[in-house]
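Atoms within a ligand are numbered from 1 in the order they appear, just like the ligands themselves. Basis for what follows: all heavy atoms, side chains included, without hydrogens, waters or symmetry-related copies.
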Amino acid sequence: MHLKGRLVLASMEEHTTLPFRLIAKELGANLVITEMGQPDRIAKGDKMALRMLASNPSERPVAGQVLGGELSDTVEAARVIEGRGFEIVDINLSCPIRRVIGRGWGGAYLKDPRRTAELLSRVVAAVRVPVTLKFRSGWDAGSINAPEIARLAEEAGIAGLILHGRSVVQAYAGPADWSILRTTREAVRIPLFGAGDIRTPQDVLRMLEETGCDGVSIARGCLGNPWIFSRARSALSGNPMPPPPTREERLRVLLRHLDGETRFLGKRDVSTRIVRLALYYAKDLPDFKEIKGVAHSARNYDELVRSLRVAFRG
Ligand SMILES: Cc1cc2nc3c(=O)[nH]c(=O)nc-3n(C[C@H](O)[C@H](O)[C@H](O)COP(=O)(O)O)c2cc1C
């Protein structure tokens, strides 16, 4: 697996849809990943699950992610993802959601290295494209096993790793532990991308320096802030970092994102999801509260767009 750069748009449910992936790509992400697909639904050809695997040549290379579930469904889902033209199949063994781990899926796999090894080797054997693994430092603070999982993944033929420096039990709370990224980097030869707490371009440089990771995966830090990719890219190539986006630029990308997202969802309304998406782009502005008020009082999509135009122009 060879990437042209070191910046990955992390997989995020409800966020890394095709419209947002295209924006991140244009602004400098070197690899984008779909949100996680449900293995059982993809395997049985569920229409909604397949819709989430919509892709577009201009976002390539793109990885299609499947949540690690029952063995046969996960293997079949990987074949479906490959069949839809994705360059990479990414397996998610990091999801901490209760109903997921309750079924022994996602992050629950990390409790059982043998079961993990079997799943990974079966998926690798089933497809021709590279298979990557998204995982966490371990199940909980008392069972940190990322280096062991990384080694068995490498033996199973996994082409690259994305490691989130939090345990499954920790979910998203508290700081990520970057020292486990370094230890795991040293345990294997395949590429390892670090994840957790990247909020600024400076964090990208710091993670690379402190952990020796081959690249970084950017998650919450790019919500409403896809410019983190273009700015980090400049910083990585030693060029002066572009300033943060102007209000005009934020508005331009926000409107494009809203347009893409509502087309993708097939309806133009002011759902909670759409309002939340718009507000991410305003979160760093001094008049965030006013913009929030305006967005929440919009009665329909056109009104939302009109009022955002006025509010962002300040
Ligand atoms: C809203 C949300 C949804 C997420 N969905 C997924 C997912 O579908 N697949 C996945 O592998 N990770 C998912 N993650 C985890 C992120 O990819 C990332 O590993 C994690 O947020 C740590 O990075 P951060 O501290 O920079 O946010 C999600 C995270 C968030 C906040």
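A cation-pi contact links Arg115 to Tyr109, judged by a cut-off of 6.0 Å to the six-membered ring centre and 45° from its axis. Taking the ring centre of Trp105 as origin, the terminal cationic atom of Arg103 falls inside the region bounded by 6.0 Å and 45° from the ring axis.
Ring centroids of His15 and Phe20 are separated by 6.0 Å or more, keeping the two rings apart.
Partners of Arg60 by salt bridge (charged side-chain N to carboxylate O under 4.0 Å, His left out), not counting sequence neighbours, listed by chain and number: Glu87.
A distance limit of 4.0 angstrom between heavy atoms and ligand 1 selects the residues Ala10, Ser11, Met12, Glu13, His15, Met36, Gln65, Asn92, Ser94, Lys134, His164, Arg166, Tyr172, Gly196, Asp197, Ile198, Arg199, Ala219, Arg220.
Using a 4.0 Å cut-off between charged side-chain N and carboxylate O, Arg185 and Asp214 make a salt bridge.
With hydrogens and angles left out, the side-chain atoms of Gln65 and Thr34 include no donor and acceptor closer than 3.5 Å.
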